[in-house]
Amino acid sequence: MAKHIHEFTEIDAMRHSTAHLLAAALNELYPGTQFGVGPVIENGFYYDVKTPKTLSAEDFEMIENKMRELAGRKLPFTRREMPIDEAIEFFAGRGQTYKVELLRDLKTRGTTNLKEEELQDFDPEKPLVASVYETGEFVDLCRGPHVTDTGKIGAFKLNKIAGAYWRGNSENDQLTRVYGLAFATQTELDEFLRWQEEAEKRDHRKLGKEMGLFVFSDLVGPGLPLWTPKGTMLRETLNDFVWSLRKAYDYQRVTIPHITKKDLYETSGHWAKYAEDLFKIKTREDHLFAMKPMNCPHHTQIYASEQRSYRDLPIRYAETTMVYRDEQSGELSGLSRVLSITQDDAHVFCRVSQIGQEAEIVWNIIQTFYNAFGFTLVPRLSRRDSAAPEKYLGAAEDWDKAEQALRDILSEKKVEWTDGPGEAAFYGPKIDFMAKDSLGRSWQVATIQLDFNQPKSFGLTCVNEQSEKEQIVMIHCAIMGSFERFISIAIEHFAGAFPIWLAPVQVRLLPVSDAFADAAMLFVRRLRAAGIRAEMDADAGTIGAKVRKSETEKIPLSIVFGQKEVDGGALQIRVRGVKEPLILSADEFIEYAVKVSSERSA
Ligand SMILES: [Zn+2]
Ligand SMILES: [Zn+2]
């Protein structure tokens, strides 16, 4: 749901006016309907109502028709001001108990908002007026703004119905929330509906299941995906790719346990700050341990195990490993929100003077990696809010140097980037990368995060040229961040049709019948020996069923295998998404498959 702190734009006013139009229609169709609130949300609006008859999606058409009829009458939105007591009486007279409750709040607290922070300017002595808006017969308590009349409302469509407690409190009445979409034109609405349909088809929860990548078990629990052999193959392919890029820049692999004494997080400050997000473990000796929610504190202890010289730096540790965060079960969803998160994590320990060089290495890795998926990246420089220097940790001159180093890379790379004043973490500036997917959605993906805080908490130093201990800086630089989230984005980006280099199964042999299974398996072995991820569909089903299954699972290359193929005839290769089959000899095909799978292109 959209936040309401943003400025009310023209489209917002139109969407909100459509909420009034919905309420006016319900008021005519179902006399006695009581109205809650009707705010603007992303792409539309909703209205919380209590109707005498239970509403369902089947009523949408009739309600929309009524809305259209009222829109056609070009009813003006007329604003009127009433002293608050008169307004209370007015809405009470119409049986609008929820509006009366809002008005009473307005009278006693100066706001209908339940949050305390809005109370500051309230002067109980000042006589209060309430603004109401009339649209034909329907009168609503509202601050506005609206369009001038219902004829100015664009294209709309009711799209969802759900239960909602009055003011979000489960002890209050349950109301019906009717959702609608609203756009300036019918074309925009149609475009959005097409886009939404496409997004639903690509939903990674649906596709991930069809493709057999991961499963959930009620016994293991929600938010804890179990990766099948295929899903694990996909993860390994991604991991190998990231590691091949890091290895070229002298990263070293390290390995840490998944739990720690609480002391580690007390020193880092995480215990105090993120205690709620930690999975805690009590040992048999009654000591408190925690599952790691991040890897950096552990990695610092490998660095801190020796006194480092400036000559040793930079030191670059990489590790792909799971972290665990205790989230509310209601917030878990597919791979987007999980309790067990696999990170392709890395930490660079370096001097402030080396930030530029190290950040550029991470940048290059990020760019190569995301290019292979066809994602367009837009970086953002997340820097200090210069008006509030006290919010940030570390010396101002180190911040200046660090921000300058990041700025230099941004201008060197000659890419479009956005400026994010005030977006830095309190412990350091960063570059955040936004990736645009094939549906035009933006996702925050990789970051290059500088950190002055953990080196300070853990006393990480190097001995410099003057033989003095100098505090170093850490760079957090996961490339995918979370495998789970990245894979969910990649599935939706490709609609499950992974490029050959990434597909967990690259080639599938479809024997026409059992009689050809052995020969097909021999060919599978030849392909595997050449480094191709190949398998055979040994099911008893018809060849038509096997072809369809191959299509559903988005296998890039499928080969029907029968007598002709056994006799050494040319192979007919079905290439995913291509109508005409590819005709190649067995040897030519192996060469072709090796070549296309080694080119990491989207
Ligand atoms: Zn309004
Ligand atoms: Zn980290």
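These numbers were taken from a predicted model, which means no experiment stands behind them. As the structure lists them, so they are numbered: ligands from 1, and atoms in each ligand from 1. Computed over heavy atoms, backbone and side chain alike; hydrogens, waters and symmetry mates excluded.
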Q) Tell me, which N, O or S atom in His20 is closest to the Zn ion (ligand 1)? A) NE2
Q. Does Arg380 make a cation-pi contact with Trp417, if we ask for NZ or CZ under 6.0 Å from the ring centre and within 45° of the axis?
A.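 Geometry flag: not set, cation outside 6.0 Å or 45°.
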Q. Taking the six-membered ring of Phe45, is NZ or CZ of Arg15 closer than 6.0 Å to its centre and within 45° of its axis?
A. no
Q) Rounded to 10 degrees, what angle sits at the Zn ion (ligand 1) between His16 NE2 and His146 NE2? A) 110°
Q | Opening angle at the Zn ion (ligand 2) [SG, Cys296; NE2, His347; to 10 degrees] | A | 100°
Q) For the Zn ion (ligand 2), does an N/O/S atom of His299 lie at less than 2.8 Å? A)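 Short answer: no, not a single N, O or S atom is under the cut-off.
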(Q) Which atom name would you report as the N, O or S atom of His476 nearest the Zn ion (ligand 2)? (A) ND1
Q. Can the ring centroids of Phe369 and Phe486 be said to lie less than 6.0 angstrom from one another?
A. yes
Q.
As an exercise, state the distance from CE of Met14 to CG of Asp12, rounded to the nearest 0.5 Å.
A.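 Output value for this atom pair is 9.5 Å.
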Q) According to the interplanar angle, ranging from 0 to 90°, do the rings of His347 and His476 count as parallel (below 30°), tilted (30 to 60°) or perpendicular (above 60°)? A)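 If you compare the ring of His347 with that of His476, the planes turn out perpendicular.
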